[in-house]
S.K.: 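Have a look at the structure that comes next, please.
The chain is numbered in sequence order, starting from 1. It should be emphasised that the depicted structure is a prediction, and the values quoted were computed from it without experimental measurement. Side chains are part of it too, since the values below use all heavy atoms of this structure and drop only hydrogens, waters and symmetry mates.
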Amino acid sequence: MPKRFLVLLALVPLLACSERASDTVVADPVPCQVEGMRNCAQVGDVLIGGQPSQAALEYLAAQGYQTIVSTRGVQEVEWDERAAVEGLGMTFVSIPMESPVSAITDEQVAGLADVMEQHQGPTLLHCGSGNRVSGLWGVWLAEHRGVEADEALRLAELAGMTGVRPVVERRLGAVAVAP
């Protein structure tokens, strides 16, 4: 074999490793404002925050949002969010999480992973305040994107995670990191 070919073969594993490492880089969530929502943070084409009003859903539909993911239980919302979302031509996904959260389940993480793998275009992830869904997003980052636990916790906090942090730490086996 020519030496040039052997050198290229030797570099292939290094290139593969460096690509995988770059896949774990996630931009910091950036605070944003959407009228009719609170605690909004934007990460690429993903918006994370609290419960949107019907007017906020109309605004998001007009902005090209295609998928709305709610981690709220149906008993938590006084109106039919699924009907409103679907009536606006968007897809509604429910990944119910208890409130307060005592655990983040494999099913919840798998549900978010399915959405994140299949989403094509702007997506909203929400709960009541942004806390639960940010924690779930942080777990997804660690378990499905390979983000280190401490970094996933930091990103989740920037996205709105507050009180659910101990549950996320327990799930990730992470030691508390100073804020």
S.K.: Which residue pairs pass the side chain to side chain donor-acceptor pair (under 3.5 Å) test with at least one member in residues 68-77, sequence neighbours excluded?
M.R.: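 Found Gln51-Arg72, Arg72-Glu76, Glu76-Arg132.
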S.K.: Kindly list each side-chain donor-acceptor pair under 3.5 angstrom involving residues 118-125, sequence neighbours excluded, with atom names and distances?
M.R.:
| unit_1 | atom_1 | unit_2 | atom_2 | d |
| --- | --- | --- | --- | --- |
| His119 | ND1 | Met116 | O | 3.0 |
| His119 | NE2 | Asp45 | OD1 | 3.1 |
| Thr123 | OG1 | Gly121 | O | 3.2 |

S.K.: Going by heavy atoms in the side chains, are Met161 and Leu153 under 4.5 Å from each other?
M.R.: yes
S.K.: Show the nearest heavy-atom pair for residues Trp79 and Pro52, with the distance to one decimal.
M.R.: CZ2-O, 3.4 Å
S.K.: Could you pull out all residues at least two apart from Ser53 that satisfy side-chain hydrogen bond (donor to acceptor under 3.5 Å, both in side chains)?
M.R.: none
S.K.: Listing request: all salt bridge (charged side-chain N to carboxylate O under 4.0 Å, His left out) pairs with a residue in residues 85-98, at least two apart in sequence or in separate chains.
M.R.: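 Output for this query lists Arg82-Glu86.
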S.K.: Return the minimal non-hydrogen interatomic distance between Ala156 and Ser134, and the atom names on each side.
M.R.: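 That closest heavy-atom pairing would be CB-O, 3.3 Å.
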S.K.: Which heavy atom of Ala56 sits nearest to which heavy atom of Met37, and what is that distance?
M.R.: CB-CG, 4.0 Å
S.K.: If you group Ile, Leu, Val, Met, Phe, Trp and Tyr by side-chain heavy-atom gaps below 4.5 Å, do Val30 and Ile48 land in one group?
M.R.: no
S.K.: Could you measure the distance from the CD atom of Gln108 to the CD1 atom of Ile95? Nearest 0.5 Å is fine.
M.R.: 8.0 Å
S.K.: When you group the ILVMFWY residues by side-chain heavy-atom contacts below 4.5 Å and let the links chain together, are Val43 and Val34 in the same group?
M.R.: no
S.K.: Quick one, Arg171 and Val109 - any side-chain contact, counting heavy atoms below 4.5 Å?
M.R.: yes
S.K.: Pick from Leu136, Val101, Thr162: which one makes a side-chain contact (heavy atoms from CB on, under 4.5 Å) with Asn131?
M.R.: Thr162
S.K.: Which residue pairs pass the side chain to side chain donor-acceptor pair (under 3.5 Å) test with at least one member in residues 27-41, sequence neighbours excluded?
M.R.: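 Non-adjacent pairs meeting side chain to side chain donor-acceptor pair (under 3.5 Å): Asp28-Arg154.
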S.K.: Are Leu60 and Val93 connected in a single hydrophobic cluster, I mean Ile/Leu/Val/Met/Phe/Trp/Tyr linked by side-chain heavy atoms less than 4.5 Å apart?
M.R.: no
S.K.: Give the other cluster members for Leu158, using side-chain heavy-atom distances under 4.5 Å between Ile, Leu, Val, Met, Phe, Trp and Tyr residues; answer none if it is isolated.
M.R.: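 In the cluster with Leu158 there is nothing else; it is isolated.
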S.K.: Does Gln66 form a side chain to side chain contact (heavy atoms under 4.5 Å, CB included) with Thr91? I'd like the steps, not just the answer.
M.R.: CA-CA 6 Å; Gln66 297 177 3; Thr91 301; over 6 Å; no
S.K.: Any idea which heavy atoms bring Gly135 and Val164 closest together, and the distance?
M.R.: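 Looking at all heavy atoms of both residues, the closest pair is CA-CG1, 4.0 Å.
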S.K.: Applying a strict under-4.5 Å side-chain criterion to I, L, V, M, F, W and Y, I'd like to know whether Val115 and Met90 cluster together.
M.R.: no
S.K.: Are the side chains of Ile104 and Val167 in contact, using a 4.5 Å heavy-atom criterion?
M.R.: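 Heavy-atom side-chain distance check passes, below 4.5 Å.
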S.K.: Within the structure provided, determine whether Leu141 and Glu148 are in side-chain contact (heavy-atom separation under 4.5 Å).
M.R.: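 No; the side chains remain at least 4.5 Å from each other.
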S.K.: About how many Å separate OH of Tyr65 and CG of Leu47, when rounded to the nearest 0.5 Å?
M.R.: 4.5 Å
S.K.: A side-chain contact here means heavy atoms from C-beta on lying under 4.5 Å apart; do His144 and Val139 qualify?
M.R.: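 They are not in side-chain contact.
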S.K.: For a 4.5 angstrom cut-off between non-hydrogen side-chain atoms, does Phe92 reach Thr67?
M.R.: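 No, too far: nothing below the 4.5 Å cut-off.
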S.K.: Dump the intermediate steps for side chain to side chain contact (heavy atoms under 4.5 Å, CB included) on Glu151 and Val26, then the final yes or no.
M.R.: CA-CA 9 Å; Glu151 177 66 358; Val26 176; 6.0 Å; no
S.K.: Do the side chains of Leu155 and Val69 join up, straight or via other hydrophobic residues, at under 4.5 Å, putting them in one cluster?
M.R.: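 Leu155 clusters together with Val69.
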